[in-house]
Number of protein chains: 2
Amino acid sequence: MKKNIEKISIFSSLSPEYVRKIENITQVSKYLSGKIIFMENDPGIGFYGILDGKIKIFKSSPLGKEHILHIFGSGEIFAEVAVFAGHDFPANAMALEESTLMFFPRDRFRALLAEFPDLSMSLLGLMSMRLRQMVGKVEELSLKEVPARLAAHLLLLRDNTGRNEFNLDINKSQLASLLGTIPETLSRVIRKMKNEGLIGIKGSKVELLDIQSLDELAGGEFRL
Amino acid sequence: MKKNIEKISIFSSLSPEYVRKIENITQVSKYLSGKIIFMENDPGIGFYGILDGKIKIFKSSPLGKEHILHIFGSGEIFAEVAVFAGHDFPANAMALEESTLMFFPRDRFRALLAEFPDLSMSLLGLMSMRLRQMVGKVEELSLKEVPARLAAHLLLLRDNTGRNEFNLDINKSQLASLLGTIPETLSRVIRKMKNEGLIGIKGSKVELLDIQSLDELAGGEFRL
DNA sequence: AAAAACCTTTGACTTAAGTCAAAAGGACAA
DNA sequence: TTGTCCTTTTGACTTAAGTCAAAGGTTTTT
């Protein structure tokens with residue numbers, strides 16, 4: 001069966017030599033829909049990557065009720081948290097449709113890490129990077145209101161230029177979309193901030209007039 | 001100087017033996033406000049954890065303008081992405097206030113990973129776990145509307161119980177807060193769904209009457 | 001310079017969801 | 001049974017932000 005570890009997103013940006021080394025320890029198999037992949041309390045002898053298909057992770061109560069924890073799709077890996085931690089599988093896994101999985105045996109994976117510490121470093125680096133991206137997204141999504149997002153953005157530009165007066169380097173439609181809103185709304189928000197004396201703006205030249213209020217708008221203590 | 005690696009969140013949940021081993025290779029130093037920690041293109045000989053203080057990461061343009069990429073605070077690590085990847089530092093770092101940093105030399109850290117592959121596994125496991133949490137948060141924040149969140153929640157309960165009829169195991173105020181809204185709004189949303197024939201509800205007994213519409217409400221193809 | 005294309009602003013309207021206040025309901029003890 | 005307390009629902013109002021349509025402004029092209 002063809003191995004295509006590039007489909008597993010966490011490994012896809014690894015250097016080709018490591019990709020090959022990892023591929024060599026894996027084992028690809030097909031699971032029919034409904035097939036159990038592992039059960040709760042089975043020893044965590046390895047984790048899985050999904051080349052194709054959908055896997056549901058679930059727990060069963062004594063009464064036979066099932067509690068779905070997660071459903072994973074192509075490109076994702078699962079069970080790695082338990083396996084890395086050296087635990088047994090904490091739940092069951094079942095194929096929801098015909099699926100092609102790649103199995104990464106714990107011991108051989110561990111041996112690879114032992115032999116090639118740079119592989120560990122690369123993997124840690126990749127995860128670290130992704131974590132950063134996600135944290136960024138959460139921060140972004142948490143500022144719900146447009147004025148807050150605009151204020152935060154302006155303060156960031158201020159940090160970046162070191163001035164209270166600077167030029168927007170993109171047009172307002174683009175800025176609107178960057179802030180997750182539409183030009184009309186942005187226009188109105190800008191007008192309001194101008195009327196309230198928080199900023200001055202002419203064309204793409206912006207001047208921050210009331211840093212403290214902007215800072216509070218942005219959720220307080222945004223940046224030093 | 002006292003070492004307290006527990007303050008660095010990614011290492012805080014590591015087992016004590018590894019905590020000690022890592023502590024042994026680190027070096028704690030104080031930086032006065034304004035002090036440069038490293039410069040762009042310096043070799044990435046190690047990464048840093050912040051025990052206390054604030055660090056700004058920035059780039060300088062040829063004209064001397066600075067562009068702040070990020071500001072890190074207590075408990076965070078920085079520069080690890082470049083260091084793990086074996087790159088030079090891609091930007092400058094400066095203390096924004098008096099800060100206490102812990103330095104993790106790349107070579108010694110790498111040697112530790114080589115010697116203790118289980119440490120690699122644990123770290124990968126921890127990062128994986130955090131990544132999961134963040135992904136979950138992003139998904140949650142992306143469903144903006146209350147009816148969508150309620151529909152998603154009901155479908156999840158359905159998955160979990162395996163029935164179209166089940167009991168809410170918490171009261172409606174708690175449910176409202178779980179969904180990130182308030183009881184009044186939840187009450188109205190429920191009434192609307194009832195009027196539209198999507199659900200039946202009596203006390204805490206819920207029946208899903210139109211799975212397909214609920215599924216669409218929840219953003220389509222929520223769960224198989 | 002005139003025309004076309006694009007960007008930005010404004011107005012009028014709609015929708016989602018929050019606030020405040022008050023009315024129903026339900027549970028349970030005295 | 002009658003209160004008392006808590007949860008839930010309802011109404012009236014407000015706010016934030018989106019849609020649609022149209023009017024001004026800028027550029028760019030010809």
Side-chain angles (χ1 to χ4, degrees), chain A residues 137 139-154 157 166-208 213-220 222, chain B residues 139-155 157 166-208 213-220 222:
Chain A
K137 234 179 206 172
E139 277 171 4
E140 188 186 308
L141 287 167
S142 309
L143 285 177
K144 321 132 314 293
E145 298 179 5
V146 174
R149 298 203 293 271
L150 176 58
H153 186 78
L154 292 177
L157 289 177
F166 46 79
N167 270 49
L168 297 173
D169 42 358
I170 52 179
N171 71 33
K172 296 198 181 138
S173 303
Q174 291 171 285
L175 178 58
S177 126
L178 182 65
L179 296 176
T181 183
I182 56 173
E184 294 96 315
T185 296
L186 177 62
S187 177
R188 291 182 238 264
V189 169
I190 286 177
R191 182 179 20 163
K192 190 147 165 266
M193 282 189 179
K194 197 152 60 170
N195 290 341
E196 288 169 355
L198 300 192
I199 62 176
I201 188 166
K202 183 124 213 205
S204 70
K205 197 158 57 189
V206 183
E207 187 180 6
L208 308 191
S213 301
L214 285 170
D215 194 69
E216 279 161 20
L217 239 187
F222 168 71
Chain B
E139 277 170 4
E140 187 187 307
L141 288 168
S142 309
L143 283 178
K144 324 133 309 296
E145 299 179 4
V146 174
R149 298 202 293 269
L150 175 58
H153 186 76
L154 291 177
L155 289 171
L157 289 177
F166 45 80
N167 270 47
L168 297 173
D169 42 357
I170 52 178
N171 72 31
K172 296 199 179 134
S173 303
Q174 291 171 285
L175 177 58
S177 125
L178 182 65
L179 296 176
T181 184
I182 55 173
E184 294 96 316
T185 296
L186 177 61
S187 177
R188 292 183 238 263
V189 169
I190 286 177
R191 183 180 17 162
K192 191 148 164 267
M193 283 189 179
K194 198 154 57 173
N195 291 340
E196 287 168 356
L198 301 192
I199 61 175
I201 187 167
K202 183 125 213 204
S204 71
K205 197 158 56 188
V206 183
E207 187 180 5
L208 309 191
S213 301
L214 285 170
D215 194 68
E216 279 160 22
L217 237 188
F222 169 71

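Note on naming: letters A, B, ... go to the chains in the order of the sequence lines (proteins, then strands), and numbering restarts at 1 for each one.
- Side-chain nitrogen and oxygen atoms of A:Thr181 include none within less than 4.0 Å of the OP1 or OP2 phosphate oxygen of D:dA17.
- Put simply, NZ on B:Lys202 is 12 Å from P on C:dG25, counting in whole angstrom units.
- Residue-to-nucleotide proximity on DNA chain C shows that, of A:Arg191 and B:Thr185, the 5′-proximal contact is made by A:Arg191.
- Computed from coordinates, the A:Lys172 NZ to C:dT10 P distance equals 10 Å when rounded to whole Å.
- For D:dT8, the OP1/OP2 oxygens have a side-chain nitrogen or oxygen of B:Ser173 closer than 4.0 Å.
- Look at CD1 on A:Ile190: it is 15 Å from C1' on D:dA17, rounded to the nearest Å.
- Rounded to whole Å, atom P of C:dA16 lies 13 Å from atom CZ of B:Arg149.
- Not one side-chain nitrogen or oxygen of B:Arg188 sits closer than 4.0 Å to the OP1 or OP2 atom of D:dT10.
- Considering every non-hydrogen atom in both B:Leu154 and B:Phe166, the closest pair reads O-CZ, 3.7 Å.
- A pairwise comparison of heavy atoms in A:Leu217 and A:Ala148 identifies O-CB, 3.4 Å as the closest pair.
- The distance from atom CD of B:Glu145 to atom P of D:dA16 is 18 Å, rounded to the nearest whole Å.
- For the pair B:Leu175 CG and D:dT8 C1', the interatomic distance rounds to 13 Å; values are reported in whole Å.
- The heavy-atom pair separating B:Ala218 from B:Leu155 by the smallest distance is CB-CD1, 4.2 Å.
- Residue B:Ile182 contributes atom CD1, which lies 16 Å from atom P of D:dT7 at whole-angstrom precision.
- Heavy atoms of A:Val146 sit under 4.0 angstrom from primed sugar atoms or phosphate atoms, though from no base atom.
- Atom CE of A:Met193 and atom P of C:dT9 are 14 Å apart (whole Å).
- At the phosphate of C:dT9, OP1 or OP2 sits under 4.0 Å from a side-chain N or O atom of A:Ser187.
- At a threshold of 4.5 Å between non-hydrogen side-chain atoms, the residues B:Met193 and B:Pro147 count as touching.
- In plain terms, the two heavy atoms of A:Leu214 and A:Ala151 that are nearest each other are O-CB, 3.5 Å.
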